[in-house]
Amino acid sequence: MAFHNSILSNVYNYYQADLSPKSTSRFDAHKRADLRSIYHSIRNIDKESPVYLIDRSADLEKYVVHMKENAIQFRNVMDSLGYEDEETLFSKKTIVSSHPDIATVEYTGKEQVAEDFAPIELEVSSLASPQVNQGSFLPSFESAGLEGDYSFDITTGDSNYELQFSIAEGDTNYEIQSRLARLISGSGIGLNANVIQDDTKSALVVSSVSTGSSPDRQPLFNISDEDTSHKQGMVDYLGIRDITQMPEWTTYTINGNAGSSPDNHLIAGRNLQVTLNALPSEPITISARPDMESVKENITAFQRSYNTFIQAASEYLHKQPRTGLLIGSMRKMTDSYLPGMKELGISQDAAGMLQVSDETLTSAIKNGNADTALPALRSYAKASLHRISQVQLNPMDYVDKRMVAYKNPYKKHFANPYTTSAYSGMLFNSYM
C-alpha cells in the first residue's frame, strides 16, 4: 500500500510541477459574458468539426496545455498594452514643448493623452518677477565706523519681523553686507539676500521669494528702522529702504486668449502645466508626440511575447509535426505585413521570429516616420492575436489525429457534449 501511495505521490508531483497553470494576472479575470462567449465558440467549433481519433498520451496533454498557456500569455500582454483601444495601441503620446529649455510642459492627467490633441500656441510678453530692494554701492574694504548693536524691521503682508545684529570695530562694509545677507536669507521670512560687487564697491540686494504683485499693487515687503529696539540708521546707510524693482505678473496669450499668472507656472489647458524658465523670443508650440520610450517598450514587449509563442510551438515540431502548419501560416502572415512595418525596423528571421532594429526604430520615432508605420503594426498585431486566439480556443487543432468521418455539410448539426467535455479540465484549471 505504501508503495502504491509513493507512485501516486510522484505522479501528482510531476503534473503539479510541469502542468500546473501559471500565476494569474488581472487579465485572467473574465465577466460572465466573456465566459459565455468562450463556451459558445467551443460549441460552434465542435458542431462543424469532423470526428477524430486522438492518441491521449502524456506528451499530447503537455503539448496542448503548453500551447494554450503561451496563447494566454500573448493575449495578456496585448491586453496590458491597451489592445481594447486599437487606435492608441503602440502609440502612447506625450506632451512636448517646441522650446523645452525655455518652457517645460507637464501633463498631470491620469488618462493617456488624447489622439486628437490640438496643438497650443503660447506667447509670453513678460515673466513674473519678485520685488527687489537693491542697496547703495559702498567701498567694500573700508571700515564703516558704526560700531554698536543695530536692528531693523521687515514687514511682509500682515507679519512684522525685527532682525538684530552687531557691528564690531573695524568691520568693513563688505563684511557687514555679507553678515546681513546671511541673516535675512536664513530668517525664513520669504526673502533672499545677496551681495553684488562692482570693482572695489559692493551692495546688499534683498528680494522676495514670491513673484507677482498683490491686486492693489502694494509692495511684498518693506524695510525700516524708525521703530526698532536698537540703534537706527543702518537701513539708510546700506540704501535698502527703496524698491528698485516692483513685483510683476506673467502676461501671456494662449491661442490668442490673454491671461496672467502671479508666477511663472501657467495652466495651459486641461491637465497641462507650463513652467517658464526664460522669456521666449518667439511663440512656443505645445503639441502631442509619440512617447519614444513607451512606443519602444510596447513594441519590444509585443516582439518578446510573439517570439515566445513561436519558440514554444517550435519545440514540439518533432512530436507534433502539424505544429509546422501553424508556424508556417504565422510566417506567411508576417511576410504580408512586413513592407508596412519596415520603417519601424521590424523584420523576420528564418525561424519565424520577429527582429527589431533599435537604431531604426529610434530614428523612426524621432523623425516622426513611426506615425505612418504604426497602423500597419496595429493591423499585424490584431491579425496575430486573432490567429493565436484560435490556438487558445482550440489547441487540439494542430494535434496529429486520425480523421474518422466528416459531418454532412447539408445537414444541421448539434454540439457533441462528449467532445466538449474534453475542455472541462482546462476550464477548471483557469486555462479558458
Side-chain angles (χ1 to χ4, degrees), residues 124-251 260-266 275-279:
V124 182
S125 303
S126 63
L127 292 178
S129 58
Q131 175 183 331
V132 177
N133 288 27
Q134 180 177 315
S136 305
F137 279 94
L138 303 174
S140 299
F141 303 107
E142 288 187 8
S143 174
L146 300 172
E147 298 84 358
D149 296 328
Y150 290 85
S151 63
F152 57 87
D153 298 321
I154 297 180
T155 303
T156 59
D158 296 330
S159 301
N160 187 72
Y161 306 92
E162 183 183 81
L163 301 184
Q164 303 174 359
F165 60 99
S166 299
I167 298 177
E169 184 179 356
D171 284 350
T172 64
N173 290 320
Y174 181 78
E175 289 174 338
I176 296 171
Q177 292 165 340
S178 299
R179 190 179 305 145
L180 289 179
R182 293 192 297 270
L183 176 63
I184 294 172
S185 298
S187 61
I189 58 176
L191 299 180
N192 288 323
N194 65 292
V195 179
I196 59 175
Q197 291 184 290
D198 182 14
D199 293 333
T200 60
K201 294 184 177 182
S202 56
L204 176 64
V205 180
V206 183
S207 59
S208 61
V209 173
S210 60
T211 58
S213 61
S214 59
D216 55 1
R217 301 288 295 176
Q218 292 297 314
L220 296 179
F221 66 91
N222 290 291
I223 303 177
S224 63
D225 59 0
E226 286 78 13
D227 299 321
T228 189
S229 61
H230 291 74
K231 293 179 67 174
Q232 306 174 7
M234 189 54 62
V235 171
D236 290 329
Y237 177 78
L238 296 173
I240 57 175
R241 183 189 301 274
D242 296 332
I243 299 174
T244 54
Q245 175 182 293
M246 285 294 292
E248 299 292 343
W249 286 44
T250 297
T251 56
S260 60
S261 173
D263 53 32
N264 292 314
H265 301 281
L266 318 178
T275 300
L276 297 172
N277 305 311
L279 183 64

Asp198, CG atom: more than 12 neighbouring heavy atoms under 6.0 Å: yes
Scan side-chain atoms only and decide if Glu248 and Ser126 contain a donor-acceptor pair under the 3.5 Å cut-off. no
Closest non-hydrogen atom pair between Gly170 and Ser143, with its separation: CA-OG, 3.8 Å
Determine yes or no for a side-chain-to-main-chain donor-acceptor pair under 3.5 angstrom, with Thr244 supplying the side chain and Gln134 the backbone. yes
Just by distance, do the side chain of Ser151 and the backbone of His230 share a donor-acceptor pair under 3.5 Å? yes
Could you tabulate the donor-acceptor pairs under 3.5 Å formed by side-chain atoms of residues 176-193, not counting sequence neighbours?
from	atom 1	to	atom 2	distance (Å)
Gln177	OE1	Ser202	OG	2.5
Gln177	NE2	Ser202	O	3.1
Ser178	OG	Tyr174	O	2.9
Arg179	NH1	Ser166	O	2.9
Arg179	NH1	Asp171	OD2	3.3
Arg179	NH2	Asp171	OD2	3.2
Ser185	OG	Ala181	O	3.0
Ser185	OG	Ala193	N	2.9
Ser185	OG	Ala193	O	3.1
Ser187	OG	Ile184	O	2.7

Report, as yes or no, whether the 6.0 Å neighbourhood of atom NZ on Lys201 holds more than 12 heavy atoms from other residues, nucleotides or ligands. no
Nearest heavy-atom approach of Ala203 to Gly135 is CB-O, 3.5 Å
For residues Ile196 and Phe137, determine if any side-chain heavy atom of one lies less than 4.5 Å from a side-chain heavy atom of the other. yes
Side chains of Glu162 and Asn160, donor plus acceptor under 3.5 Å: no
Chi angles and distances behind the side-chain contact (heavy atoms from CB on, under 4.5 Å) call for Val132, Ser207: CA-CA 4 Å; Val132 177; Ser207 59; 4.0 Å; yes
Looking at Pro262, is its backbone amide N or carbonyl O close enough to the side chain of Thr211 to form a donor-acceptor pair, meaning the two atoms are under 3.5 Å apart? yes
From Met246 atom CE to Gln131 atom CD, the distance as rounded to the nearest 0.5 Å: 6.5 Å
Ser210 backbone acceptor or donor facing Ser208 side chain under 3.5 Å: yes
If you measure from CG on Leu163 to CG on Asp225, what distance do you get to the nearest 0.5 Å? 11.5 Å
Residues Thr172 and Ser140: closest non-hydrogen pair is CB-O, 3.4 Å
Taking atom types as modelled and ignoring hydrogens, do the side chains of Tyr237 and Asn173 form a donor-acceptor contact shorter than 3.5 angstrom? yes
List for me each residue that meets side chain to side chain contact (heavy atoms under 4.5 Å, CB included) alongside Asp236, sequence neighbours excluded, and say none if there are none. Arg241
Rounded distance [0.5 Å steps], OH in Tyr161 versus CG in Asp153: 12.5 Å
Verify the distance criterion only: is there a donor paired with an acceptor across the side chains of Thr250 and Asn264 at less than 3.5 Å? yes
Without swapping roles, check the side chain of Thr251 against the backbone of Ser260 for a donor-acceptor pair under 3.5 Å. no
